[in-house]
Amino acid sequence: MKTFAEFGLEPKVLQAITELGFEESTPIQDKSIPIAMAGSDMIGQAQTGTGKTAAFGIPLINKIPTSEERIVALIMTPTRELAIQVADEIGKLTKYKGLRSLPIYGGQEIGRQIRALKKKPQIIIGTPGRLLDHINRKTIKLEDVRTVVLDEADEMLDMGFMEDIQSILKQVPEERQTLLFSATMPPNIQKLAQQFLKNPEHVAVISKQVTAPTIQQNYFEVHERQKFEALARLLDMESPELAIIFGRTKRRVDELSEGLQKRGYSADGLHGDLSQNQRDNVMRKFRDGSIDVLVATDVAARGLDVSGVTHVINFDLPQDPESYVHRIGRTGRAGKEGSAYSFVTPREVDHLHFIEKVTRQRISKKPLPSLAEAIEGKQRLTAERVLEVVQNEDFTEYKGIAIQLLEQYDSVHLMAAALKLLTGEKKDVSVELTPEEPLRAKKRKPDIRSNGRRFSGGSFGGGNRGGGQGGGGYRGRDDRRSNGGGGSRGSYENRNRDNNGGGRGRSGEGRSNSSEPRRPKYSSEDFVNN
Ligand SMILES: Nc1ncnc2c1ncn2[C@@H]1O[C@H](COP(=O)(O)OP(=O)(O)OP(=O)(O)O)[C@@H](O)[C@H]1O
Ligand SMILES: [Mg+2]
């Protein structure tokens with residue numbers, strides 16, 4: 001691992017890196033920064049949460065002169081939310097150098113974007129649909145662009161953005177540097193690379209597994225009708241700091257987040273049918289910790305970086321192994337620990353094994369959390385909250401009444417009653433979800449680690465098993481809560497621009513709930529206690 005000073009970066013860029021708290025470069029940064037600084041095209045693959053944004057962001061910022069008044073760099077992302085987050089990180093990296101960067105995405109008032117474009121940003125971070133819109137209106141000209149980054153390129157392909165990317169890149173001069181980054185590189189990415197990159201260097205910092213080794217991966221075998229109760233128990237048992245729960249469809253996300261709210265969890269939902277404002281609010285609440293549980297479709301699977309996410313729960317198993325890798329990668333970032341739990345119905349067990357095979361990672365089967373474990377978890381959390389008050393807060397005002405009560409009642413009885421009250425046991429409100437069809441294993445070649453070409457990268461920190469590997473590259477960041485700044489507005493960019501539907505995202509993003517057959521609802525009371 002290098003210190004950033006060894007790359008020969010401008011002092012103002014270094015200063016911003018130091019302020020972000022990055023002490024050493026991560027393996028992907030180590031390998032990509034020199035290649036990108038030399039001007040070569042590049043394909044970069046590294047596990048989720050290992051700093052790919054800065055790996056392309058730092059060299060990009062370093063090379064743009066401050067005096068520049070034209071758009072010279074273009075970064076494309078598959079989702080609006082990611083565009084905002086990347087713009088935020090680029091903004092932080094360019095704080096001292098003082099370049100101007102601007103996110104451009106669907107769902108935001110176009111007039112506002114046009115006004116912001118008049119301030120002559122040098123770096124645009126956008127989703128393909130809205131970018132094309134601006135190109136057609138001639139409010140964005142790409143004739144001076146010298147650097148293009150495709151973040152999550154494979155996802156953009158999967159969402160059907162190939163033609164849009166083609167049209168956008170037609171506007172960019174041939175003499176440019178093109179960089180392509182993702183944690184997964186399915187074989188079809190080759191097509192995109194051949195079209196848009198020139199003699200790219202391949203850099204991969206993945207040896208055995210494509211998932212980050214700091215994520216503990218588990219699954220429960222559970223019947224569809226048991227899932228909600230199992231989820232509630234899991235949340236009670238584990239009391240995550242922040243959790244993301246992935247559901248297959250928008251309807252699922254709505255029903256789940258409502259159900260969790262009814263049961264007293266601080267949860268909210270995120271999917272492509274919400275208004276931009278609603279998405280905005282949900283992401284802001286999640287980033288600042290005013291909700292603990294984000295329920296989302298795959299709209300939140302790629303690239304999102306919210307520190308404090310300790311748990312990812314696949315309430316529904318994703319269709320693609322790629323999606324699994326990215327979803328669980330929302331935790332265990334920047335060397336931190338994280339846990340992933342997947343709910344697998346008996347008919348989906350084969351599909352889970354397929355995901356294990358493709359990702360070359362064992363996923364451990366766990367027994368469903370029992371009622372006793374759930375209760376114990378809740379009680380432990382209450383006790384922790386009480387002790388925190390004991391240690392950190394002023395409760396002098398309550399001492400008088402405490403003394404009075406203790407004179408009349410047994411101290412253990414009193415304490416137990418107070419804890420019961422605090423635990424806030426909810427009446428078992430029954431929650432009904434519309435069942436989802438189980439997934440079937442897809443047939444395909446079980447390797448998503450590379451596109452079949454040889455990569456110049458070696459292993460990721462020398463052996464990926466066990467912990468320890470992520471630690472080296474990530475010192476000094478643990479207490480930082482990465483705040484999205486302007487908040488994050490999330491949505492898959494709709495193919496037809498602003499929310500006209502027609503998005504082709506997987507996992508239900510583009511699927512109309514109303515067209516699905518109505519199946520009988522089941523109730524959480526069907527759940528058999530264990
Ligand atoms: N050198 C570094 N030292 C410490 N923290 C870092 C370093 N580089 C990046 N980070 C932090 O690590 C976190 C993850 O980075 P980033 O979002 O770029 O990951 P990624 O590789 O793009 O992941 P994904 O595949 O999920 O998109 C961010 O909070 C980022 O600020
Ligand atoms: Mg990323």
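Throughout, residue positions are numbered sequentially from 1 according to the sequence presented. Whatever order the structure lists them in is the order used to number ligands and atoms, beginning at 1. Keep in mind that what you see is a predicted model, and the values were worked out from it rather than measured.
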J.: Does Thr48, backbone or side chain, put an N or O under 3.5 Å from an N or O of ligand 1?
T.: no
J.: Any N or O on Ser25 sitting closer than 3.5 Å to an N or O of ligand 1?
T.: no
J.: Relative to the heavy atoms of Glu24, which atoms of ligand 1 are at a distance of less than 4.0 Å?
T.: 1 (N), 2 (C), 3 (N)
J.: Side chain, backbone, both or neither: which part of Gln29 has a heavy atom under 4.0 Å from ligand 1?
T.: side chain
J.: Quick check on Lys120: does its NZ atom have over 12 non-hydrogen neighbours (other residues, nucleotides or ligands) under 6.0 Å away?
T.: no
J.: Salt bridge or not between Asp316 and Lys227? Use side-chain N to carboxylate O under 4.0 Å.
T.: yes
J.: Hey, which atoms in ligand 1 end up nearer than 4.0 Å to a heavy atom of Gln47?
T.: 21 (O)
J.: Show me which atoms of ligand 1 lie under 4.0 Å from any heavy atom of Arg333.
T.: 14 (C), 16 (P), 17 (O), 19 (O), 20 (P), 23 (O), 24 (P), 26 (O)
J.: Of the side chain and backbone of Asp305, name the one, both, or neither that has a heavy atom under 4.0 Å from an atom of ligand 1.
T.: side chain
J.: Less than 4.0 Å is my threshold; does some heavy atom of Phe181 fall inside it relative to ligand 1?
T.: no
J.: Who's closest to atom 20 (P) of ligand 1 heavy-atom-wise, of Lys52, Arg302, Lys2?
T.: Lys52
J.: Between Lys97 and Glu68, is there a side-chain N and carboxylate O pair less than 4.0 Å apart?
T.: no
J.: Compute whether any side-chain donor of one residue and acceptor of the other, for His271 and Asp254, lie under 3.5 angstrom apart.
T.: yes
J.: State, to 0.1 Å, how close Ala16 and Lys92 come at their nearest heavy-atom pair, and which atoms those are.
T.: CB-O, 3.6 Å
J.: Taking 4.0 angstrom as the limit and counting only heavy atoms of Glu152, give me the atoms of ligand 1 inside it, by number and element.
T.: 27 (O)
J.: So that I can tick it off, tell me whether Asp273 and Lys250 are bridged by a salt bridge, with the cut-off set at under 4.0 angstrom between side-chain N and carboxylate O.
T.: yes
J.: Under 4.0 Å from any heavy atom of Phe4, which atoms of ligand 1 are there?
T.: 1 (N)
J.: Please say which of Glu241, Gln216, Glu238 ends up in a side-chain hydrogen bond (donor to acceptor under 3.5 Å, both in side chains) with His311.
T.: Glu238
J.: In plain terms, say whether Lys52 and Asp151 are close enough for a salt bridge, that is, a side-chain N and a carboxylate O under 4.0 Å apart.
T.: no
J.: Do any N/O atoms on Gly51 end up under 3.5 angstrom from N/O atoms on ligand 1?
T.: yes
J.: Give the atom numbers and elements of ligand 1 that come within less than 4.0 Å of a heavy atom of Thr53.
T.: 16 (P), 17 (O), 18 (O), 22 (O)
J.: Return a yes/no value for Gly49: is any of its N or O atoms, backbone included, closer than 3.5 angstrom to an N or O of ligand 1?
T.: yes
J.: Can you name the atoms of ligand 1, numbered from 1 with element, that are less than 4.0 Å from a heavy atom of Thr50?
T.: 19 (O), 20 (P), 21 (O)
J.: One thing to verify: whether Glu19 and Lys95 come together as a salt bridge, which I'm taking to mean a side-chain N less than 4.0 angstrom from a carboxylate O.
T.: yes
J.: Once you restrict to heavy atoms under 4.0 Å, what part of Arg330 touches ligand 1? Side chain, backbone, both or neither.
T.: side chain
J.: Pick one of side chain, backbone, both or neither for how Phe56 approaches ligand 1, counting any non-hydrogen atom pair under 4.0 Å.
T.: neither
J.: Going by the atom numbers of ligand 1, which of them fall below 4.0 Å from some non-hydrogen atom of Glu89?
T.: 31 (O)
J.: Could Arg327 and Asp320 be called an ion pair, given the rule that one side-chain N must be under 4.0 Å from one carboxylate O?
T.: no
J.: Quick check: are there more than 12 heavy atoms from other residues, nucleotides or ligands sitting under 6.0 Å from NZ of Lys191?
T.: no
